[in-house]
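Data first, discussion second: the structure below is written as structure tokens.
Lettering follows sequence order; numbering is per chain, from 1.
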Protein chains: 2
Amino acid sequence: MKITAVAETETTTRSVSIAETLRCAILAGEFSPGERMIEINLSERLNVSRTPIRAAFQALAGEGLLVHTPNKGYYVREFSLEDIVQAYEIRAALEGLAARRAAQAGMTTEQMEAVEEALSAGDALVDQEAFTPEDRSHYGQINKTFHDIVHAAGGSTMIRDMLRISQQVAPSSHHNVIAFEPRDVRRRHDDHHRIYEAILTRDGGRAEILMRDHVESVKLSLIRTLHSKPHAE
Amino acid sequence: MKITAVAETETTTRSVSIAETLRCAILAGEFSPGERMIEINLSERLNVSRTPIRAAFQALAGEGLLVHTPNKGYYVREFSLEDIVQAYEIRAALEGLAARRAAQAGMTTEQMEAVEEALSAGDALVDQEAFTPEDRSHYGQINKTFHDIVHAAGGSTMIRDMLRISQQVAPSSHHNVIAFEPRDVRRRHDDHHRIYEAILTRDGGRAEILMRDHVESVKLSLIRTLHSKPHAE
DNA sequence: TCAAAGGATTTTGTGTACAATCTGAAAAAT
DNA sequence: ATTTTTCAGATTGTACACAAAATCCTTTGA
């Protein structure tokens, strides 16, 4: 039998790992929106030449995290409030699509178990009077888990790519700013239950409508919040 | 195969103009899906060094026209039938969203005039018994005009970016392959009238539903066509 | 004949030098 | 004082050389 040399070292090129590094740094808010990304600057900080830095910049520009202006360079993309609202609209449309497809295709046993675990954990959390910041962060994770599983179950590669891009639009700073009243969180958690139910019963139309409205409600919360204190930045 | 080089205007860099050149070449089908893009090869044919070629590759990879594998290079992305179907689903969702937003926002006078012109031109075309290939190509342009105006009226920057990507998925070869029966064309042209009417009357919900179904119907045509002659390639 | 092994060739990844362009501040002119 | 001009420094764009990795082809062994 033919055995090709297996078990390669974790060979990733510098360009790829630097792109990963910078992606995390940008998403963590270590660069300000609109900030210019100076090649030689990062080249020194990361101990590589400009070449892999440029490659990483180009990759991140393709993902929409940086914007490029010829002869001027790369800048951290800044999102207007309008951009963020639009991103939620896109997410609503695409996550609705993914939920419908998930209902049509069905979930694997592992996915169902993972969703049920997330739902139970959420049940325990929202059953409190008030939320600590840790609770909020924890619920954020649970929420992400739920949506990720729906994407995995119903999202095609292309849908997931586009969802990833539209999710990057709302930077973490804004995400946390959104005032998540306990009442809103309970309502959204209840949405999760209903969406899962619709998927289980293979009701694609209902899953889609529920998911769309679920995501739209976050958009509306955002608009409401920023409307009541417009200059809260 | 001859690549028509884009004119080197002084206001843009080589990387940008080469990306433009290659984008057109790929969309025109001058490279086969899955084909490996060899840097030095193109570098000689276009009389530049490998550096701007690499930059162009990276940009095109960001747009989804090429895929990159570390240490192996860039390949022309190939789309499975499943990919194409998924792209139509995404388009249906996003174009529906754009139509709703267009209805909510309303159209400018110029946009309305352009749509009405496209609709009239279409009316004249579909009123025939049979279509020549020129007719079909002409109708394709009219169709594109209609959708572009709706995108312009209702699509945010982000929606339009994503639509552009999902429209690139179905290469021209496949596009033309789809058997557009006169009956289907007439039906779709009628859809355009109704969608426009819904936008004019500011009925966002109706505009969205009609547009979604309109795009989905193309998807279904495609599935039907490829099902009846599976190995028509 | 076939498959594995090895090396030569090709191709991509990276560093670096230099050219082209932009930026910002000081100097000159009104 | 304000605007324009100029120019030096900084930054990006491009070419090229070399290193690292993959690919291809020949050779070798059963």
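Listed candidates were C/dT14, D/dA22, D/dG13. Nearest to the side chain of A/Pro52 is C/dT14. Ranking D/dT14, C/dT11, C/dG13 by closeness to the A/Arg54 side chain, first place goes to D/dT14. The nucleotide whose nearest atom lies closest to any side-chain atom of A/Ser49 is, among D/dT12, C/dG15, C/dT11, C/dG15.
Look at CG on A/Asn71: it is 17 Å from P on C/dA19, rounded to the nearest Å. The CZ-C1' distance, from A/Arg14 to C/dG15, rounds to 9 Å in whole Å. Between A/Ile38 atom CD1 and C/dT23 atom P the separation is 12 Å, expressed in whole Å. In this structure, CG of B/Asn47 is placed 11 Å from P of D/dC16, rounded to the nearest angstrom. Atoms CD (A/Glu39) and C1' (D/dT14) sit 12 Å apart, rounded to a whole Å. We find that CD of A/Glu44 is positioned 14 Å from C1' of C/dT16, with the value rounded to whole Å. One can place CG of B/Leu66 at 12 Å from P of C/dT12, the figure rounded to the nearest angstrom. In this structure, CG of A/Asn41 is placed 13 Å from P of D/dA10, rounded to the nearest angstrom.
Sorted by first and then second residue, the salt bridge (Lys or Arg N to Asp or Glu O under 4.0 Å) pairs involving residues 49-66 of chain B (not counting sequence neighbours) are B/Arg23-B/Glu63, B/Glu39-B/Arg50, B/Glu39-B/Arg54.
Checked against A/Ile195 for a side chain to side chain contact (heavy atoms under 4.5 Å, CB included), the options A/Met211, A/Glu95, A/His147 give a single hit: A/Met211.
For a distance-only test at 3.5 Å, the side chain of B/Ser15 fails to qualify as a donor-acceptor partner of the base of D/dG13.
For the residue pair B/Asp83 / B/Ser80, a side-chain donor-acceptor distance below 3.5 Å is found, with atom types taken as modelled. Side chains of A/Glu134 and A/Thr132: a donor-acceptor N/O pair is present below 3.5 angstrom, by distance only.
Judged by closest nucleotide on DNA chain D, A/Ile40 is the one of A/Ile40 and A/Thr51 placed further toward the 5' end. Projected onto DNA chain C by closest heavy-atom contact, A/Tyr75 and B/Tyr74 fall at different nucleotides, the more 5' of which corresponds to B/Tyr74.
A sub-4.0 Å separation between OP1 or OP2 of C/dT23 and a side-chain N or O of A/Lys72 is present. An OP1 or OP2 oxygen of C/dT23 is reached within less than 4.0 angstrom by no side-chain nitrogen or oxygen of A/Arg36.
Note on B/Arg50: a base of the nucleic acid sits closer than 4.0 angstrom, heavy atoms only.
A salt bridge links A/Glu208 to B/Arg212: at least one charged side-chain nitrogen sits closer than 4.0 Å to a carboxylate oxygen.
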